[in-house]
Amino acid sequence: MGKSLAVSPLAPARFPDLPVIDGVTFATIAAGVRYQGRTDVMLAKLAPGSAVAGAFTRSATRAAPVLDCQAKIGGASDEGAAIVVNSGNANAFTGRGGTDAVEAITAAAAEACGVPQSRVFTSSTGVIGEPLPHERITAVLGDLHAKLDPAGIEAAARAIMTTDTFPKGASATVEIDGKTVSIAGIAKGSGMIAPDMATMLVYIFTDAVIATDALQHRLSTHTETTFNCITVDSDTSTSDALIMAATGASGVEVADNEAFDAALRDVMMDLAHQVVKDGEGAQKFVEVAVTGASNDDEAKVHAMAIANSPLIKTAIAGEDPNWGRVVMAIGKSGAPADRDRLSIRFGDIEVARDGWRSPDYSEEDAAAHMKGQNVVIGVDLGLGEGRCTVWTCDLTHGYIDINADYRS
């Protein structure tokens with residue numbers, strides 16, 4: 001992927017100012033894993049006592065780094081830890097060579113950072129099926145450690161990009177008992193985005209004091225309503241990882257603090273939305289809100305059927321309020337639906353009610369809503385109290401342009 005991509009029209013104006021998280025430092029370098037002339041390896045070092053939690057793709061063809069992280073998550077947190085990430089090569093479907101590459105990288109990182117190998121977590125993102133030239137990574141770990149910087153999180157966000165057109169970051173601060181607790185996160189992701197998670201790499205850091213089990217519970221809970229409620233193209237990656245670390249440097253315990261909980265979810269939601277807004281070729285950010293299902297799980301089935309429909313996504317790209325395609329997606333989803341109780345809206349415009357076109361339907365008003373950058377599709381099934389909201393983007397020719405020659 002040598003060509004540069006135009007920045008998504010949905011991108012934020014600039015990378016946000018993220019707070020320094022005491023207990024974590026960052027460094028990046030250009031190792032030439034695949035890309036030339038840009039940074040492609042990131043190292044984050046965590047202070048002793050940092051709790052680490054994670055959520056990962058459930059793909060049956062998970063990459064070697066994912067399997068290694070899954071085996072390590074939940075381990076003892078007394079000693080320091082490190083996270084090593086490379087872009088350009090996913091180290092996926094690489095057989096024993098992929099496992100050997102992870103072993104070499106984690107061993108070298110452990111030595112460079114002075115942490116146990118069991119506390120080194122790696123992620124790789126990029127092309128699937130090509131051997132990872134891991135020696136290019138191990139060769140620079142000493143240099144990376146020498147340049148660790150508490151303020152290096154933006155550079156880290158840039159180093160992990162692949163087809164992303166902008167680096168993604170989000171943060172929050174919370175006042176607890178007169179002290180400030182900070183959360184900062186970065187992410188990459190642009191295509192191959194669908195639960196359970198996707199070709200996303202996400203790293204979230206906080207200086208709160210929180211036990212590993214509690215951190216894992218919080219992360220898993222919020223992942224379901226944030227990163228597992230977005231889709232770009234319905235394709236689930238081999239390589240996704242979401243890793244969160246709590247350094248405890250603030251000295252503030254947050255085990256049952258609702259304000260911290262809300263702030264963490266906000267950061268995760270912000271990053272999840274940024275991934276969708278950088279969907280390959282995306283021109284529009286789309287919210288699909290389903291209510292009235294028999295339960296929340298069935299609402300999500302319907303919402304994802306709508307969000308993943310190429311017919312709906314291309315209609316959105318063409319600014320066509322083709323609500324008949326929404327009817328189609330609901331009918332094919334596999335979850336219960338009653339045609340004669342179904343209502344649909346685009347934005348605030350009711351287009352269908354009780355299984356028929358709304359008597360107040362205005363094609364002109366619906367088309368006007370579709371012309372905006374933010375499109376909302378609302379569906380009420382009229383069956384119960386179940387609800388779910390998911391987010392996606394439109395499907396444009398840009399998606400084809402990016403993916404047709406991704407390996408070129």
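All residue numbers in this chain count up from 1 along the given sequence.
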Item to check | side-chain contact (heavy atoms from CB on, under 4.5 Å) assessment of Y203 paired with I153 | outcome: CA-CA 10 Å; Y203 307 96; I153 193 168; over 6 Å; no

Checklist entry - Is there a side-chain contact (heavy atoms from CB on, under 4.5 Å) between R325 and I312 once you walk through the steps? => result CA-CA 6 Å; R325 294 182 178 181; I312 292 174; 3.7 Å; yes

Next on the checklist: Test side-chain contact (heavy atoms from CB on, under 4.5 Å) on D296 and R387; report intermediate values, then the result.
Outcome noted: CA-CA 5 Å; D296 292 349; R387 60 180 56 236; 4.2 Å; yes

Checklist entry - Where do I137 and L132 land on the side-chain contact (heavy atoms from CB on, under 4.5 Å) test, with the steps shown first? => result CA-CA 9 Å; I137 300 172; L132 175 67; 4.2 Å; yes

Checklist entry - Given T165 and D278, is the side chain to side chain donor-acceptor pair (under 3.5 Å) satisfied, shown in steps? => result CA-CA 7 Å; T165 69; D278 203 14; 2.6 Å; yes

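More than 12 heavy-atom neighbours from other residues, nucleotides or ligands sit within 6.0 angstrom of CD on E175. The neighbour count for D340 CG, taken as heavy atoms of other residues, nucleotides or ligands under 6.0 Å away, is above 12. By the neighbour-count criterion of 12 heavy atoms within 6.0 Å, atom CZ of R38 is densely surrounded, having more than that number from other residues, nucleotides or ligands. The environment of CG in D149 is crowded: more than 12 heavy-atom neighbours from other residues, nucleotides or ligands sit within 6.0 Å. Around atom CD of E253, no more than 12 heavy atoms belonging to other residues, nucleotides or ligands sit under 6.0 Å away. For E385, the CD atom counts as loosely surrounded, since its 6.0 Å shell holds 12 or fewer non-hydrogen atoms of other residues, nucleotides or ligands.
A donor atom on one side chain and an acceptor atom on the other are not found under 3.5 Å apart for S87 and K188. In this model, a donor atom of one side chain and an acceptor atom of the other lie less than 3.5 Å apart for D380 and T291. Counted by atom type alone, T223 and N228 present zero donor-acceptor pairs between their side chains at under 3.5 Å. Residues H369 and D348 have side chains that never bring a donor and an acceptor to within less than 3.5 angstrom of each other. Looking only at atom types and distance, the side chain of E350 has a donor-acceptor partner in the side chain of S358 under 3.5 Å away. T39 and R158 are not linked by any side-chain donor-acceptor pair at a separation below 3.5 angstrom, with hydrogens and angles left out of the test. Using modelled atom types and a 3.5 Å distance limit, the side chains of K179 and S250 yield no donor-acceptor pair. A donor atom on one side chain and an acceptor atom on the other are found under 3.5 Å apart for N308 and T231.
Of the candidates V85, I105, I29, I29 is the only one forming a side-chain contact (heavy atoms from CB on, under 4.5 Å) with V41.
Rounding to the nearest 0.5 Å places NZ of K300 at 14.0 Å from OG of S333. Taking CD1 of I243 as the start and SG of C69 as the end, the distance is 4.0 Å to the nearest 0.5 Å. Atoms CE and CD, from M200 and Q274 in turn, are 12.5 Å apart once rounded to the nearest 0.5 Å. With values rounded to the nearest 0.5 angstrom, L264 atom CG is found 6.0 Å from I204 atom CD1. To the nearest 0.5 angstrom, S343 atom OG is 5.0 Å from D354 atom CG. A distance of 8.0 Å separates OG1 of T122 from CG of N86, quoted to the nearest 0.5 Å.
Between F227 and L271 the shortest side-chain heavy-atom distance falls below 4.5 Å. Annotation: side chain of L381 is not in contact with side chain of E298 (no heavy-atom distance under 4.5 Å). When side chains are defined from C-beta on, F346 does not count as touching V376, because their heavy atoms never get closer than 4.5 Å. Between I186 and L18 there is a side-chain heavy-atom pair separated by less than 4.5 Å. Contact annotation: the side chain of M269 never approaches that of H222 to less than 4.5 Å [non-hydrogen atoms, C-beta and beyond]. When side chains are defined from C-beta on, I377 does not count as touching W323, because their heavy atoms never get closer than 4.5 Å. Using a 4.5 Å cut-off on side-chain heavy atoms (C-beta onward), V181 and N257 make no contact. No side-chain heavy atom of P150 sits under 4.5 Å from any side-chain heavy atom of V24.
The aromatic ring centres of F26 and F205 sit less than 6.0 Å apart.
Under a 3.5 Å cut-off, the side chain of K168 and the backbone N or O of D270 do not form any donor-acceptor pair. Between the side chain of D394 and the backbone N or O of K313 there is no donor-acceptor pair closer than 3.5 Å. Side-chain N or O atoms of N89 include one that pairs as donor or acceptor with a backbone N or O of P131 at under 3.5 Å. A side-chain donor-acceptor contact under 3.5 Å links D40 to the backbone of A31. Between the side chain of R62 and the backbone N or O of S59, at least one donor-acceptor pair lies under 3.5 Å. In this structure, T396 contributes its side chain and G281 its backbone to a donor-acceptor pair below 3.5 Å. S309 contributes no side-chain N or O that, together with a main-chain N or O of A305, makes up a donor-acceptor pair within less than 3.5 Å. In terms of modelled atom types and a separation under 3.5 Å, the side chain of R119 and the main chain of G80 share a donor-acceptor contact. A donor-acceptor pair under 3.5 Å links the side-chain atoms of T206 to the main chain of S182, judged by distance alone. At distances below 3.5 Å, not a single donor-acceptor pair connects side-chain atoms of K277 with backbone N or O atoms of P12.
A101 approaches N91 most closely through the heavy-atom pair CB-ND2, 4.0 Å. Scanning both residues, L383 and A337, for their nearest heavy atoms gives CD1-CA, 3.9 Å. Taking all atoms of both residues into account, the shortest heavy-atom contact from L144 to T28 is CD2-C, 3.4 Å. Smallest separation of non-hydrogen atoms from P65 and V102: N-CG2, 3.7 Å. The two atoms that bring I83 and L46 nearest to each other are CD1-CD1, 4.4 Å, heavy atoms only. Contact detail for M328 and L311: the closest heavy-atom pair is CE-CD1, 4.1 Å.
Using a 4.0 Å cut-off between a side-chain N of Lys or Arg and a carboxylate O of Asp or Glu, D143 and K147 do not qualify as a salt bridge.
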